[in-house]
There are 2 protein chains.
Amino acid sequence: MDRQTPTLSDVARRAGVSYATADRVINNRGGVAEKSVRRVRAAIEDLGYVRNVAAANLAQKRTYRFAFVIPEGPNSFFRRLRNILETARPEMLVSRVALMVESVAAFDAAALVGCLERLAEDKVDGVALVGTDDARVCAAIDALRAQGMAVLTLVADVQGARPDGYVGIDNTIAGRTAGRLLLLAHGDRGGRVLPIVGVATAHDHAERLAGMQDTLAEAGGRVTSAPLIEGRDRHDIVEAELHRRLAEDPEITAIYSAGAGNAGLVRVLARRAEGRPIVVLHELVAHSRQALETGLVDVVIDQRPEDEIQTALECLRAMADRRDLAAPAPIVPAIYLRENLPPAAEASQFGDPVHE
Amino acid sequence: MDRQTPTLSDVARRAGVSYATADRVINNRGGVAEKSVRRVRAAIEDLGYVRNVAAANLAQKRTYRFAFVIPEGPNSFFRRLRNILETARPEMLVSRVALMVESVAAFDAAALVGCLERLAEDKVDGVALVGTDDARVCAAIDALRAQGMAVLTLVADVQGARPDGYVGIDNTIAGRTAGRLLLLAHGDRGGRVLPIVGVATAHDHAERLAGMQDTLAEAGGRVTSAPLIEGRDRHDIVEAELHRRLAEDPEITAIYSAGAGNAGLVRVLARRAEGRPIVVLHELVAHSRQALETGLVDVVIDQRPEDEIQTALECLRAMADRRDLAAPAPIVPAIYLRENLPPAAEASQFGDPVHE
DNA sequence: CAAAAAATGATTGACGTCTATCTTTTTCAC
DNA sequence: GTGAAAAAGATAGACGTCAATCATTTTTTG
């Protein structure tokens, strides 16, 4: 019925060269005349040859080794990220991908660089790292790439660095999305939004904040932004500050939290006797999820780390296979209400694998 | 450093049996004493053996053949579905997956059954079909499965059938999500939502409608539901009916469209001189996207067909490989505002594949 | 034109699994 | 204990590619 897919031998025959030459071409081994290269390329085109990755991997006894470098610490988002990776690990094994998850101190550029250098020696095939803005990190990334390994930034890009790609959301878009939700929830009434960020200098939080404010402004300014709280991503600080500000400023109609430390925010809300402001926050983690379920919070904007990791893995594999992958679809923030929450991920599931 | 992954020979050696026997076990060829089966299984467990799918596929010269059965017609959602599949096809080829996209008349159970029967003869490895409720369809699905092929329902399940899985959203959840958004947009004011469905008897639209109404009711009933419009998924009917109803009932504060035919809805909105109701509708397609971008519409709830297809492909592959895949994460409806729209998909991109 | 260099050809043994065939051993019923 | 059936062992070719070696041809250079 359907004739089978062509092999490299078919290509060689069609191009009128030997298998060895065709092999030299597709594997860039060099030492091939320009004329032959062109003929092989043409034959590939004609026959629609597609390299059989399975066979190639088999011959190379290849197992992909990918490292994910994730900040450590109590931050629940990164815990979630690590969880997803751990869950994916056994499934990845089937396709011969060994996942390494490295933890480094958060915001510690030196530690991150050290980790990257170890990975460079370790000869992994690809690295995905959560970026920290720092010149040394840029240099380390360049060094890895120069060594021929694939490097992605994940969740947070590194300004100035040139990785093979960035997998994560655009924080301006995330902030604008929050702004639009706030506008929607205010209807045609006016309002006053209290923004909470980690620190105003972190470029991701700053981008979210600006995106939110721009969107409010573009809508005519009936909803305005109050002075922000810097919660340093710590729930105790967020709790204290927020408590104070809400008492101080009764005009607040909404809260937008661009960063972490939302457990403190939830505590303040839970204590309120009556009517609460509209609340929009980021990242679906245990406490934000629960707050959504109990109605303490209206909306959670999530960057869907599952998607990010899947996309990252796809990119890393494509690069390791020397395939050209169409640039991955940018990851767009997801909006969760209590009604469309994804099923809670198990902490870890050890279903016994069945081999048969 | 890391010792290499064990092969089936290692398993056989460890189990104290021949390679042939180990092979008989993992491939269920039968004719193996219970005792030996247990020993092989134990060895697999001990060594953490994972069947090398690449090698297996190579040996079998396997190309997966999967068919997607999609209703034909002008419906832009199914056009989108088909587009996604066509775009995925070349990428899938790399992993040796041949995608077939079959079109059958919409809502035509007989045509669907005919198509499934052809596929049964065609010996494809798996089928994903958009369900149509019908006893004959159930029977056809069972017949395919009895023949050992993997069958998934996609987007719409078939009531009474027992496919290997359903990949699509829960329409009740989708409707509840719409309800929550409507509540959010009404704030603490009252309102009156005008629902539009295709036909009230279609169970998917009915589920969405009920979900929306339930959510409104649970919130205390300050926002109510007006009598619905049956637009039969046709934009001309939707346009005429909606126009009439809006003129008739000035109390309408919101529109919820659970089905298709939204081009007509958008036309009505575009003609309105001033203030429009809150609008929530389903499926991100060309005109709904544009309506969102131009501010004619507030929210689009989308079932993310890209995800659905990816999940479906994953499931089909897993089943074809005789792997046990953890049940795929149910697909949750996505909420799009004009700010978080994913980049528009190219109609079709024919970037020349680079082989090297 | 000869020598050196470059390009090409020819061939081979992995890689891990599948599939098939054939032989040998064990088990079981009678 | 004999014979048949069941179970197990042994082995080999194929799948498509990679990586390496060595021989041969063509091209370039002085």
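Letters A, B, ... mirror the listed sequences (proteins, then strands); counts begin at 1.
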[atom1]/[X] to [atom2]/[Y] distance, rounded to the nearest 0.5 angstrom?
{"X": "A/I309", "Y": "A/M92", "atom1": "CD1", "atom2": "CE", "result": "10.5 Å"}
{"X": "A/R136", "Y": "A/I141", "atom1": "CZ", "atom2": "CD1", "result": "13.0 Å"}
{"X": "A/E117", "Y": "A/D122", "atom1": "CD", "atom2": "CG", "result": "13.5 Å"}

[X] side chain near [N] phosphate (N/O to OP1/OP2, under 4.0 Å):
{"X": "A/N52", "N": "D/dT17", "answer": "no"}
{"X": "A/Q60", "N": "D/dA19", "answer": "yes"}
{"X": "B/T21", "N": "D/dA8", "answer": "no"}

B/S18 vs A/S9, nearer the 5' end of DNA chain D by closest nucleotide
B/S18
B/D46 pairs by salt bridge (Lys or Arg N to Asp or Glu O under 4.0 Å) with which of B/R13, B/R41, B/R14?
B/R14
Does A/G16 reach a base, just sugar-phosphate, or nothing at all? Heavy atoms under 4.0 Å.
sugar-phosphate
Can any side-chain N or O of [X] pair as donor or acceptor with the backbone N or O of [Y] at less than 3.5 Å?
{"X": "A/R145", "Y": "A/R162", "value": "yes"}
{"X": "B/D10", "Y": "B/T7", "value": "yes"}
{"X": "A/R82", "Y": "A/P71", "value": "yes"}
{"X": "A/T87", "Y": "A/N83", "value": "yes"}
{"X": "B/R24", "Y": "B/G30", "value": "no"}
{"X": "B/T311", "Y": "B/D307", "value": "yes"}

Which residues pass the ring pair (Phe, Tyr, Trp, His ring centres under 6.0 Å) test with B/F66, sequence neighbours left out?
B/Y64
When the nearest nucleotide of DNA chain C is assigned to B/A55 and to A/V32 on a heavy-atom basis, which residue is associated with the more 5' position?
A/V32
Please tabulate the protein-to-nucleotide N/O contacts below 3.5 Å involving nucleotides 4-6 of chain D, giving atom names and distances.
none

Show your working on salt bridge (charged side-chain N to carboxylate O under 4.0 Å, His left out) between A/D23 and A/R29 and close with a plain yes or no.
CA-CA 8 Å; A/D23 172 72; A/R29 296 190 209 277; 2.7 Å; yes
Atom [atom1] of [X] and atom [atom2] of [N]: how far apart are they, to the nearest Å?
{"X": "B/K35", "N": "D/dA8", "atom1": "NZ", "atom2": "C1'", "answer": "10 Å"}
{"X": "B/L58", "N": "D/dA14", "atom1": "CG", "atom2": "C1'", "answer": "9 Å"}
{"X": "B/L8", "N": "D/dA8", "atom1": "CG", "atom2": "C1'", "answer": "15 Å"}

Using the side-chain hydrogen bond (donor to acceptor under 3.5 Å, both in side chains) criterion, which residues pair with A/R80? Sequence neighbours excluded.
A/D302, A/E306
Under the side chain to side chain contact (heavy atoms under 4.5 Å, CB included) test against B/M149, which residue among B/V127, B/D125, B/D164 passes?
B/V127
Covered region of DNA chain C, 5' end to 3' end, by chain B [heavy atoms, under 4.0 Å]
C/dG16 to C/dT19
What dot-bracket string describes DNA chain D from 5' to 3', counting Watson-Crick and G-U wobble pairs whose defining distances are under 3.5 Å, with [ ] for crossing pairs and | for pairs to another strand?
||||||||||||||||||||||||||||||
What is the per-nucleotide protein-contact pattern of nucleotides 20-26 of chain D, from the 5' end, where B denotes a base atom under 4.0 Å from a protein heavy atom, S denotes such proximity for sugar-phosphate atoms only, and - denotes neither?
-------
